[in-house]
Protein chains: 2
Amino acid sequence: MPTIIPDIVISRLPIYLRALERLSQEGHEVTSSHELGKRLGISSAQIRKDLSHFGGFGKQGTGYRIPYLKDQLRQVLKVEQDWEIALIGAGDLGNAVARYRGFADRGFRIAYVFDNAPDKVGAHIDDFEVLPMDRLHETIVHNSIRIAMIAVPAEAAQIVADILVEAGIRAILNYAPINLVVPSDVRVQYIDPVIHLQRMTYYLP
Amino acid sequence: MPTIIPDIVISRLPIYLRALERLSQEGHEVTSSHELGKRLGISSAQIRKDLSHFGGFGKQGTGYRIPYLKDQLRQVLKVEQDWEIALIGAGDLGNAVARYRGFADRGFRIAYVFDNAPDKVGAHIDDFEVLPMDRLHETIVHNSIRIAMIAVPAEAAQIVADILVEAGIRAILNYAPINLVVPSDVRVQYIDPVIHLQRMTYYLP
DNA sequence: TAGATTGTTAATCGATTAACAATC
DNA sequence: TAGATTGTTAATCGATTAACAATC
């Protein structure tokens, strides 16, 4: 697409895609901006507007064919094939992330797990072996990995991020509760449950 | 405060608080909207505007005293004391969440863990015992729990949410990758790593 | 005092919504 | 055809930014 799409639009596409996958599972073949909006608590106008940035995916009178729209969104988001991910940190959280079944079929596959604790290196989590941190750089470079997840303690997160960026990582999902400093062409997303909780307590009596 | 504060402002306050905690740890006593903004990639004007909704926390010429501002933000967000949380789901993810040390000192404490798998009920995760699901309702009511975290498979999440709402839960942090339907006076926040990843792949070449 | 930085106002920018012609 | 729903335009709404007087 020629014009630049607002990031806030991009941020909603995965939500639409997730809802469409759910609708598929429930046996639906077709949906409408109205139905989707009601499920998601979003106005139907916004959904139509968002989708129209990428083309006309629907039909007047009938709505959207779910398999087609899913496919189109996957293409837009570039998740038709699986991206290999490097996971750094094999503690409780890293373990849980490594075992999480939810990445499959949604565009991602954890390919390598790293840690620097001597008692963890060489251990197995399901099918993969925990690799030592000194193999991090070479592994990323060699396998052209573009995405990494950080699941190390806050103190180590920035150091890990620096190595990742240096090795060519361009997208980081950071589970450590600190802000990372990275070059502007590297994207970072944060997962910090406390941030979400604090956002809700404001409204509690 | 009399006027209603935009939710987008509220959503940034926990980020500010986290950054202030970090600055404290690094030994800073004072900061400015400019310094804070540079760290967070937010304009200084926005930070001043956001904070000014709740009062004048700074001093012209010198900026903000960090301990004072932290304190004020904690009060605004209602996280000066710890909220007790019920965690539902003691699988890999539930385990990792239950063991996570990051809730302490940020306003939260996991108080109860539930699961319905016979091999998990009665087991211990650190100091707490996994309770059976049929004790969920009574435990929440009895202890006036207001916040819950859902870490069960997607198929079970809505059923669990219904029980939680019925029992008086008013804020839910949902780790299951589905949209929950709840009454409008119940807040839900979602943690789905795939959503964040898909938001980043759009920008990858 | 001079320099710095706040809190706030007004201007700008951008996102959401309402409405409707097009059309399946 | 009649009913439904899209894609899009224009209007509204809200959020961000720029600028500056106040003042530490």
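Below, read A as the first sequence line, B as the second, and so on, with proteins coming before strands; counting in each chain starts at 1. Computed over heavy atoms, backbone and side chain alike; hydrogens, waters and symmetry mates excluded.
The nearest whole Å value for the distance from the CD1 atom in A:Ile8 to the C1' atom in D:dT16 is 13 Å. Between the CG atom of A:Leu69 and the P atom of D:dT6 there is a distance of 11 Å, rounded to whole Å. Rounded to a whole Å, the CD1 atom of B:Ile5 is 11 Å from the P atom of D:dA15. The CZ-C1' distance, from A:Arg65 to C:dC24, rounds to 15 Å in whole Å. For A:Phe57 and C:dC24, the CZ to P distance is 17 Å, given to the nearest whole Å. Distance, A:Ile4 CD1 to C:dG14 P: 11 Å, rounded to whole Å. Rounded to an integer number of Å, the gap from A:His34 NE2 to D:dT5 C1' is 11 Å. The distance from atom CD of A:Glu35 to atom P of D:dA4 is 15 Å, rounded to the nearest whole Å.
In terms of modelled atom types and a separation under 3.5 Å, the side chain of A:Asn95 and the main chain of A:Ala90 share a donor-acceptor contact.
Taking every side-chain heavy atom of B:Ser52 into account, C:dT8 is the closest of C:dT17, D:dG7, C:dT8.
Phosphate contact (OP1/OP2 of C:dC24, side-chain N/O of A:Tyr64, threshold under 4.0 Å): absent. Proximity of B:Ser43 to the phosphate of D:dT16: no side-chain N or O atom is located under 4.0 Å from OP1 or OP2. Look at B:Gln60 and you won't find any side-chain N or O under 4.0 angstrom from OP1 or OP2 of D:dA22.
Among the atoms of the strands shown, none is found under 4.0 Å from any heavy atom of B:Ser44.
No more than 12 heavy atoms of other residues, nucleotides or ligands lie within 6.0 Å of CG in A:Asp105, so this atom counts as exposed by the packing criterion. For A:Asp162, the CG atom counts as densely surrounded, since its 6.0 Å shell holds more than 12 non-hydrogen atoms of other residues, nucleotides or ligands.
Within the shown strands, D:dG3 is the pairing partner of C:dC24 under the Watson-Crick or G-U definition, both distances less than 3.5 Å. Base pairing of C:dA19 is made with D:dT8, judged by Watson-Crick or G-U wobble geometry with both donor-acceptor distances under 3.5 Å.
The residue among A:Thr62 and A:Ala45 whose nearest nucleotide of DNA chain C is located toward the 5' end is A:Ala45. Summary of the strand contacts: A:Arg48 and B:Ser33 both lie near DNA chain C, and taking for each the nucleotide with the nearest heavy atom, the more 5' one is attributed to B:Ser33.
Looking at A:Glu26 and A:Arg39, a side-chain N of the basic residue comes within less than 4.0 Å of a carboxylate O on the acidic one, giving a salt bridge.
A cation-pi arrangement is absent between B:Arg65 and B:Phe57, since the terminal nitrogen or guanidinium carbon is not both under 6.0 Å from the aromatic centre and inside a 45° cone about the axis.
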